[in-house]
There are 2 protein chains.
Amino acid sequence: MADTRHSIPARGENLLFLTDEQLRQGSEAMFFAYRGFTADPDRILADMAYGRAHHRALHFIGRAPGTTVNNLLNILGVTKQSLNRVLRTLVADGLVESKVGRNDKRERHLELTEQGRALEQQLSNAQRARLRAAFRDAGPEAVAGFRTVLEAMMDPEMHQSYTRLRETSP
Amino acid sequence: MADTRHSIPARGENLLFLTDEQLRQGSEAMFFAYRGFTADPDRILADMAYGRAHHRALHFIGRAPGTTVNNLLNILGVTKQSLNRVLRTLVADGLVESKVGRNDKRERHLELTEQGRALEQQLSNAQRARLRAAFRDAGPEAVAGFRTVLEAMMDPEMHQSYTRLRETSP
DNA sequence: TTGGAGTGTCAACAAGGCTGACGTAAACTT
DNA sequence: AAGTTTACGTCAGCCTTGTTGACACTCCAA
């Protein structure tokens with residue numbers, strides 16, 4: 001049978017575009033894709049005493065070295081107790097260094113140690129390999145669309161965090 | 001300053017396209033977007049005695065009525081103990097009906113009750129509202145790209161589940 | 001009839017969220 | 001100078017949702 005369901009709608013079909021079915025497929029795509037997205041680093045982490053939360057902390061500390069605890073809290077969207085539990089083990093294990101702020105001594109500035117960078121690299125490489133393959137298969141235009149939709153899906157505060165990260169490290 | 005970093009790469013730039021920075025932004029976009037994606041239903045569920053796991057079960061039962069426990073297990077990718085805990089409460093609360101199979105009486109076929117459909121609708125509507133807005137803002141081409149990349153990001157088995165769901169309910 | 005598949009369930013545990021409360025030091029305000 | 005707010009750490013306890021392991025039951029198929 002001729003299958004027109006999954007084809008790209010032409011301009012004139014915009015009124016019909018956002019059917020419930022399309023949206024439901026979008027939801028499911030997000031669900032399955034996110035599982036794929038986290039699968040590889042999760043496998044690596046399973047062997048260690050770490051979890052996805054550690055990966056996230058390592059990622060964003062590596063991304064914005066010297067960031068404060070409060071900043072990281074906002075980015076991750078968790079409570080300080082939750083973050084602290086993760087951060088404590090990372091510091092204790094020598095993956096993250098926590099330095100008292102120079103100007104404001106209440107703040108702690110977080111950085112990856114050599115060891116922390118190594119693990120972060122290992123995890124990110126696994127994740128990026130999948131993303132790279134997906135991006136390559138899909139092509140530049142698809143990737144642009146992918147990013148556009150994801151950005152439109154974020155809460156405003158998240159979108160701020162997202163763009164702020166791009167500004168500081170282009 | 002003129003900012004060319006976030007523009008869509010032209011055809012000729014394909015070699016430069018998959019920089020680590022691009023991939024990292026892709027990761028972060030997935031992270032932030034997924035938070036947005038689950039935020040609305042999570043808020044609704046927080047008031048009830050249910051969580052995200054219940055939402056997922058309701059969604060896929062509603063999507064494929066009569067599905068078996070094992071089938072659902074494969075789709076959700078959790079252990080049967082984990083699923084059973086969720087399913088038990090849903091059945092006990094009258095949101096899901098579990099019928100012994102006609103041909104194979106070992107199997108249980110799952111369906112939403114009227115009440116279950118109501119909650120599933122409430123949750124999905126919240127989630128879809130955001131998705132609809134994002135799709136509308138991004139436009140059809142971006143949505144097509146979004147889907148293409150997400151599909152390429154799935155594990156093969158997940159991709160099978162994903163497409164199988166589309167086949168049965170067009 | 002026997003093996004194995006599909007299902008339900010008990011127990012125990014871990015990760016990683018959460019709230020509430022409290023403490024300390026530094027910075028800010030009045 | 002005194003009081004308030006901010007940044008951070010930490011203890012205690014709770015919840016959801018994932019995990020393993022073990023066991024029982026039903027029933028299909030060889």
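Computed from heavy atoms alone, side chains included, the values below leave out hydrogens, waters and symmetry copies. Quick caveat, the model's predicted, so the values are computed rather than measured. Sequence lines set the chain letters: A, B, ... in the order given, protein chains first and strands last, and positions in each chain run from 1.
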Classify the ring geometry of B:Phe60 against A:Phe31: parallel below 30°, tilted from 30° to 60°, perpendicular beyond 60°. tilted
Should the pair A:Tyr50 and A:His54 be assigned to parallel (<30°), tilted (30 to 60°) or perpendicular (>60°) ring geometry? tilted
Separation of atom [atom1] in [X] from atom [atom2] in [N], rounded to whole Å:
X        : N      : atom1 : atom2 : answer
B:Leu83  : C:dT7  : CG    : P     : 10 Å
B:Tyr50  : D:dT17 : OH    : C1'   : 16 Å
A:Leu90  : C:dA15 : CG    : P     : 13 Å
A:Arg108 : D:dG9  : CZ    : C1'   : 8 Å
A:Leu73  : C:dG17 : CG    : P     : 11 Å
A:Leu45  : C:dG16 : CG    : P     : 8 Å
B:Glu107 : D:dC27 : CD    : C1'   : 11 Å
B:Asp47  : C:dC18 : CG    : P     : 16 Å

Phosphate OP1/OP2 of [N]: any [X] side-chain N/O under 4.0 Å:
X       : N      : result
B:Arg88 : C:dC10 : yes
B:Thr79 : D:dT19 : yes
A:His54 : C:dA15 : no
B:Asn70 : C:dT7  : yes
A:Arg56 : C:dG17 : yes
A:Ser82 : C:dG16 : no

To the side chain of [X], which of [options] is closest?
X       : options                : value
B:Val69 : D:dT26, C:dT7, D:dT17  : C:dT7
B:Arg85 : C:dA25, C:dG16, D:dT19 : D:dT19
A:Asn84 : D:dA7, D:dT10, C:dC18  : D:dT10

Please state whether the base of [N] and the side chain of [X] form at least one donor-acceptor pair under 3.5 Å?
X        : N      : result
B:Arg106 : C:dA5  : yes
B:Lys80  : C:dG6  : no
A:Gln81  : C:dG16 : no

Is a salt bridge present between [X] and [Y], judged by a nitrogen-to-oxygen distance below 4.0 Å?
X        : Y        : result
B:Arg166 : A:Glu28  : no
A:Asp42  : A:Arg52  : yes
A:Arg117 : A:Glu120 : no

Which part of the nucleic acid does B:Arg52 contact within heavy-atom distance under 4.0 Å: base, sugar-phosphate only, or nothing? sugar-phosphate
What nucleic acid atoms does A:Asn103 come within less than 4.0 Å of, heavy atoms only: base, sugar-phosphate, or nothing? sugar-phosphate
Between A:Phe37 and B:Tyr34, is the gap from one ring center to the other below 6.0 Å? no
